[in-house]
Protein chains: 2
Amino acid sequence: MDDDFNIAGDDVFRGLFWGLGSDGTVGANKNSIKIIGEETDNFAQGYFVYDSKKAGAVTVSHLRFGPDPIRSSFLIRKANFLACHQWVFIEKLDMLAYAQPGATFLVNSPFGPDEIWDQFPVEVQQAIIDLELKVYCIDATDVARETGMGRRTNTIMQTCFFAISGILPRDEAIEKIKSAIKKTYGAKGDEIVQLNFNAVDGTLANLHEVKVPDKVTATMTRPPTVPAEAPDLVKQVTALMLEGKGDLLPVSAFPPDGTWPTATTQWEKRNIAIDIPVWDEGLCIQCNKCVLVCPHAAIRAKVYDPAALDGAPETFKAVDYKAKDFAGSKYTIQVAPEDCTGCELCVRVCPAKDKSNPKHKSLNMAPQMPLREQERGNYTFFLDLPEVDRTKVKIDVKGSQFFQPLFEYSGACEGCGETPYVKLLTQLFGDRLLVGNATGCSSIYGGNLPTTPYAVDENGRGPAWNNSLFEDAAEFSLGFRLAIDQTTKAAQRLLKDLASKVGDGLVDEILLADQLSEEGITAQRARVETLSKKLEGIDSPEAKTLAHIADYLVRKSVWAVGGDGWAYDIGYGGLDHTLGIGRNVNLLVLDTGVYSNTGGQASKATPLGAVAKFAMGGKEIPSKDLGMMAMAYGHVYVASVAFGAKDSQTVRAFLEAESYDGPSIIIAYSHCIAHGYNMSDALDHQKAVVECGAWPMYRFDPRRTAMGENPLKLDSRAPKISFDEWALSETRFRMLAKIDPERSKRLLEEAQRVVHAKYDMYQQLAKLHYGSDADAETN
Amino acid sequence: MDDDFNIAGDDVFRGLFWGLGSDGTVGANKNSIKIIGEETDNFAQGYFVYDSKKAGAVTVSHLRFGPDPIRSSFLIRKANFLACHQWVFIEKLDMLAYAQPGATFLVNSPFGPDEIWDQFPVEVQQAIIDLELKVYCIDATDVARETGMGRRTNTIMQTCFFAISGILPRDEAIEKIKSAIKKTYGAKGDEIVQLNFNAVDGTLANLHEVKVPDKVTATMTRPPTVPAEAPDLVKQVTALMLEGKGDLLPVSAFPPDGTWPTATTQWEKRNIAIDIPVWDEGLCIQCNKCVLVCPHAAIRAKVYDPAALDGAPETFKAVDYKAKDFAGSKYTIQVAPEDCTGCELCVRVCPAKDKSNPKHKSLNMAPQMPLREQERGNYTFFLDLPEVDRTKVKIDVKGSQFFQPLFEYSGACEGCGETPYVKLLTQLFGDRLLVGNATGCSSIYGGNLPTTPYAVDENGRGPAWNNSLFEDAAEFSLGFRLAIDQTTKAAQRLLKDLASKVGDGLVDEILLADQLSEEGITAQRARVETLSKKLEGIDSPEAKTLAHIADYLVRKSVWAVGGDGWAYDIGYGGLDHTLGIGRNVNLLVLDTGVYSNTGGQASKATPLGAVAKFAMGGKEIPSKDLGMMAMAYGHVYVASVAFGAKDSQTVRAFLEAESYDGPSIIIAYSHCIAHGYNMSDALDHQKAVVECGAWPMYRFDPRRTAMGENPLKLDSRAPKISFDEWALSETRFRMLAKIDPERSKRLLEEAQRVVHAKYDMYQQLAKLHYGSDADAETN
């Protein structure tokens, strides 16, 4: 078969555009193909290739247009126009394999026309020369930054495309682009439209043709997709999938039993951050808040014995640990430079400022490229430092962040508001954790191919993770619980039966173990290890069975995880049943107030007045009070948390929920790109939603009822800013104010009324007297 | 085909037993076949034929046994033993068509061996003589009453069967019967076992062989199954189904378009009551409470012009109406003698006593048979009396019961606690009512073949009723709402378009009509009628379309109806969604606290400590607080009612729910045979469940919030009896106290604690201050 066979005529434009999910490449290309199809005599076609990963995965746009109808119902194999919208792809993807001789190659590059040639690896230079490509470059990232577009380079690259391709006269093309911008972003506000206009206007001066030498001058070759130390399967299968060549894999390449390795995001090294945080260790107050907020586990803290610093790279930073719990230890904050997405949340949360220059903090963003090599080495050294002794840590915000995250470098959007909660779960409960995941963002970034963010500890053990359906995560997790409880019972029975052989002392210790603390768990693990060794010496079917299931004598932690689409809507029937049935299952609701994964449809969690799909005129009904509904049971632990507003309350709620021997639900406020603001500002938005009263924080613990106390503790204060002050800072609310100001005003007033009444009610509920007074009335 | 072809040998016993659902015939026969199969050398077989109707439908038990293995995998066509367990079947069913020559015929008869022959109709006498049957009779109903068994005649009839059939020596048979009784009823308490023992012991002295004359002496023939005035379809199809001959109907007998008539229970005339209420009009205080509590709409009240009494039957009773609203009118309470099931609830609720003899009330039970003819005539006359003018009635308990019930004589159990609510719905909202019914008891008695209890008014109009699935009644009803609203909007649009032809005045009146009262509705109906007439004269497609849908200009009332299995468990996800979405759908939960229809499985409504299937050791978790969960929305009207405890609150809640332009839910306490007590005592149990606090009554009306008031009104008082005092009066709780007294004690104490804490919370919630204080804190 001739892969290069091409039936399209030479008069057909065939363009390929490589972008990064959420950088706007696909959207801009959709606009381009509409402009060409509608405004010129050309026939036009667009195919867009991307996977279900969140922002940050590769997207490829295939655009065809020409004077005759286009009947090529397949992707482009050879293009006469290629655009690389992210510099990082130059060393990752073999884009020029798709170039036909004489094609044009447009590159978004931090290097100018004079420097860029020397930055191309051998393979790229060779292809450019061999195929006689025309090369153009622009520092679109810089233009975007200068024109206030932040990291959105799509309009700039689109303008370059029109300028180079000449399909329309330049002025006309620019006019059309602007009118498409107005159509696409008009509803989101004039400001966004104007920023895009500025970007378009600032583009052409920065677009340059690159002079191509007549021979290869580079010495650097493109690095392998995954490093040599990666496991075989990752090298032979995952790597090809990462390169976009998964279709070429034969069935025989896959594990015959369907097993798929976890902990593989570490081999992906996306390098998508333009800037990464740099630690100024002198200013650091060692609070670990940066570690907690990081959505990608790309900034970490360790406390360790000074001796471990032997052989540290020269640039590796370490300071004396300040607190008393690990007195005499060293302390390091380390960034994973190639896994960081540059979201800035760690810098934003950092409370340590240089008093003489308050803009300078203990963490500050700096360009990644110059730091990459050095920090890669530092990070490798950091990972090899010993993990903390779990039994010696006081588990609060700071302590929890010394625990190894077993959820790392996921494909979640940069700045994601959900993943810090998921990461925290894995830190607190480690390999005892079993997750039943509802379909949604958390199942996509949690379990997408080709890489898996759920990771393993130094012993190769990690959380068990499973995704069933959208609607049944709660029941599915309840199934875990029932199966575990049965197996534990069976193990306990066998243990008793074998007491004479195993030794009564050990049996009693195992059966009566208190496993509520890390110390208790660790001690039980040691006992079970002793047991396992003893069982090896006992030749009976009972001993063999017990050996298989002895691990179930260590307490497990079962969590159902999902979004508000699952918890409030589609999976609510089962969620309620799981709460109602009274077994020890924990439910974590990552509440973005919208169906984030499918593109922003309204859920019952969507706030009154917010615009979402199916609620384009602003939602008319207040968000459902899922917490109150769960509290109505009385026997359910319920917490409402927002880590951006009060991280200590979040950690506390997770620990309380897990230790409660009954059903628990944590409703976790999660900021999201669907809310419409820069994710680097997300923590301020979390604070505001709590301060305006729209997100009361509380913990309802049935254990308090049993002691005659009020089970409800309100952890947030009465509203101190207006509902508007929060709401109108987010596009989802602001859109309505623009389209229909009167309706917006009415809904926001109503929302303020509802929010205050609800807060008031919570406040009064938290003050209710509990105890035995009602009994007295009977007598 | 020879229908009488019989391959079984003469040594095979073939017995047919006709009983009434819930009279215990099937259970006793199951015991008999077990005794014979296990305790003798015989092979044995039992088939039991009955439909999905509730207590009160015909059951037929087919029992075979003999010395050889039984391979007859079909029902018995010719029996050598036939038992009629209910006298009423003598004139209804052609049982002797199944008798082989020389067979034995055992009859439960109110007539003794000397009188019974004269009570048989011609057909029965003829068959007995022709087939040379041996006839036995016993007044099992009398024996049951005398031995404290109430209406349960099964053990008595079983004893007769063993005595006559001679399959075991009498003494041995009696011993086996008693041991089977102990096995079957042991868990329900010693008292029930002893009562059954007494019944067995009291049986043989009352069993008599009947001397059969050698010729027919009767003049009376078996009446037709349905009267001559019934519609054709009822006569040609329904009647055959009622006779148990539905299988013989050809397909051509059924309406080709699948239409099935409503209002057909009126033709069934089950005559299953042994005693019926008799009105002592002199004592009556005209409260209409008897009418409200009747599960079968078999006791009714009318207020009417004295002139309407012209031509009344001699025994027809009427008194002067006492209240001022219809001064000068006559008033009658009338029983439907053939539709009454004899449950006694009307007598129990009657507050009017003879002071000199407090046992004598304005309603008193008396044997039905002597009254049947007379009261049939009186009832026919009563039905023809004019219906009350709906616009002139003050709608409270009394007023509502002057409205014609459009749900009558259903197949619900005698004393059913659900049907009074359903009946009330039809009285209050008449033909404007649309019901989406969840599967369960209410769908079985609501829409079972061959007869339909949903009825029509004098204009032939009635509620629209539909049953979709168990799990989706709420969404299904929401669909009604959406469709109605769309159609109403379409009608309003057409009306405006046609304004010039129809007349602006009428158009405005229709569009702006206030339809919240009966007066408003009636006025709107009149306007729509005027409109329809005008439309006839307009020749346009718009006018034709509007004529089709003009009825949608009259306000409709949409209700989802189902049990707690639907509302708390299987359909809860959709129920919640329907509440959450904010449309005007009303939900009526008939809460028996158990899956009644499928045989008593635990639901999330089952109270803590009650025994149910899947909770045989007593339920460990308190019942779910569905009301509180619905109130958490804020925009949902929520009521908790118990008509047996406070009927006025029930009527009020129904009216408020319906008039609220948003979602409403009424959680209606429904006593049930599954609770384990005599249904004639049910109203006392309803009072007790409220008095102990386990069923708080309240109404939460969002319209009050809008006025700055507390939306919650608590309609019941603080607990004044202990939880035990209520619970231990019902078998579902008492069973556990017998099996495991310690556990029972623990659970009941816990239940009391939970119930009091919950009541306390409701009480404090109802006192919460509402208003704008929270706003103040912001400023």
Side-chain angles (χ1 to χ4, degrees), chain A residues 471 568-577 579-582 604 620-635 692-693 705-706 717-723 725 752-761 763-765 767-779, chain B residues 471 568-577 579-582 604 620-635 662 692-693 705-706 717-723 752-761 763-765 767-779:
Chain A
E471 65 272 26
Y568 286 68
D569 287 2
I570 293 180
Y572 175 62
L575 182 143
D576 171 73
H577 190 67
L579 295 180
I581 218 160
K604 281 202 270 304
E620 288 263 11
I621 300 259
S623 56
K624 164 171 165 174
D625 194 345
L626 184 61
M628 177 72 93
M629 292 165 86
M631 286 188 266
Y633 271 111
H635 68 263
C692 79
T705 323
R717 301 233 177 98
K720 70 175 190 182
I721 64 173
S722 72
F723 187 83
E725 196 173 332
Q752 164 124 344
R753 192 187 67 71
V754 169
V755 155
H756 285 194
K758 184 69 91 171
Y759 188 89
D760 197 32
M761 185 172 169
Q763 211 166 26
Q764 296 187 60
L765 278 178
K767 286 179 194 157
L768 284 191
H769 173 70
Y770 269 68
S772 52
D773 272 19
D775 289 311
E777 296 185 43
T778 313
N779 305 323
Chain B
E471 66 272 25
Y568 286 68
D569 288 1
I570 292 180
Y572 176 62
L575 181 142
D576 171 74
H577 191 67
L579 296 180
I581 218 159
K604 281 202 271 302
E620 287 263 11
I621 301 258
S623 56
K624 165 171 166 175
D625 194 346
L626 184 62
M628 176 73 91
M629 293 165 86
M631 284 188 266
Y633 272 110
H635 68 264
C692 80
T705 322
R717 301 234 176 98
K720 69 175 192 183
I721 64 172
S722 71
F723 188 84
Q752 165 122 345
R753 192 187 66 71
V754 169
V755 155
H756 285 194
K758 184 70 94 172
Y759 188 89
D760 196 31
M761 185 172 170
Q763 211 166 25
Q764 296 186 62
L765 278 178
K767 286 179 193 157
L768 284 191
H769 173 68
Y770 270 68
S772 51
D773 272 18
D775 288 312
E777 297 185 43
T778 313
N779 305 323

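Chain letters run A, B, ... following the sequence lines, proteins first and then strands; every chain starts at 1.
- Annotation: ring pair (Phe, Tyr, Trp, His ring centres under 6.0 Å) contacts of B:Tyr572 (sequence neighbours excluded): A:Tyr572.
- Using a 4.5 Å cut-off between heavy atoms, A:Lys624 touches chain B through backbone and side chain atoms alike.
- The ring pair (Phe, Tyr, Trp, His ring centres under 6.0 Å) test applied to B:Tyr633 returns B:His635, not counting sequence neighbours.
- The most heavy-atom pairs under 4.5 Å with chain B, out of A:Gly582, A:Gly580, A:Ala630, come from A:Gly580.
- Between chain A and the options B:Glu471, B:Lys758, B:Met629, heavy-atom pairs under 4.5 Å are most frequent for B:Met629.
- Of the listed residues (B:Glu620, B:His577, B:Lys604), the one with the most heavy-atom contacts under 4.5 Å to chain A is B:Lys604.
- When side chains are defined from C-beta on, B:Met628 counts as touching B:Met761, because their heavy atoms get closer than 4.5 Å.
- Put simply, of B:Asp625, B:Val755, B:Asp576, B:Ile570, the one with the most heavy-atom pairs under 4.5 Å next to chain A is B:Asp576.
- In terms of heavy atoms, B:His756 sits closest to B:Cys692 at NE2-O, 4.1 Å.
- Taking all atoms of both residues into account, the shortest heavy-atom contact from B:Pro719 to B:Gly693 is CG-CA, 4.0 Å.
- Using a 4.5 Å cut-off between heavy atoms, B:Leu575 does not touch chain A at all.
- Between A:Ala718 and A:Gln763 the shortest heavy-atom distance is CB-NE2, 4.1 Å.
- For B:Ile621, the part sitting under 4.5 Å from any heavy atom of chain A is the side chain, from C-beta outward, and nothing else.
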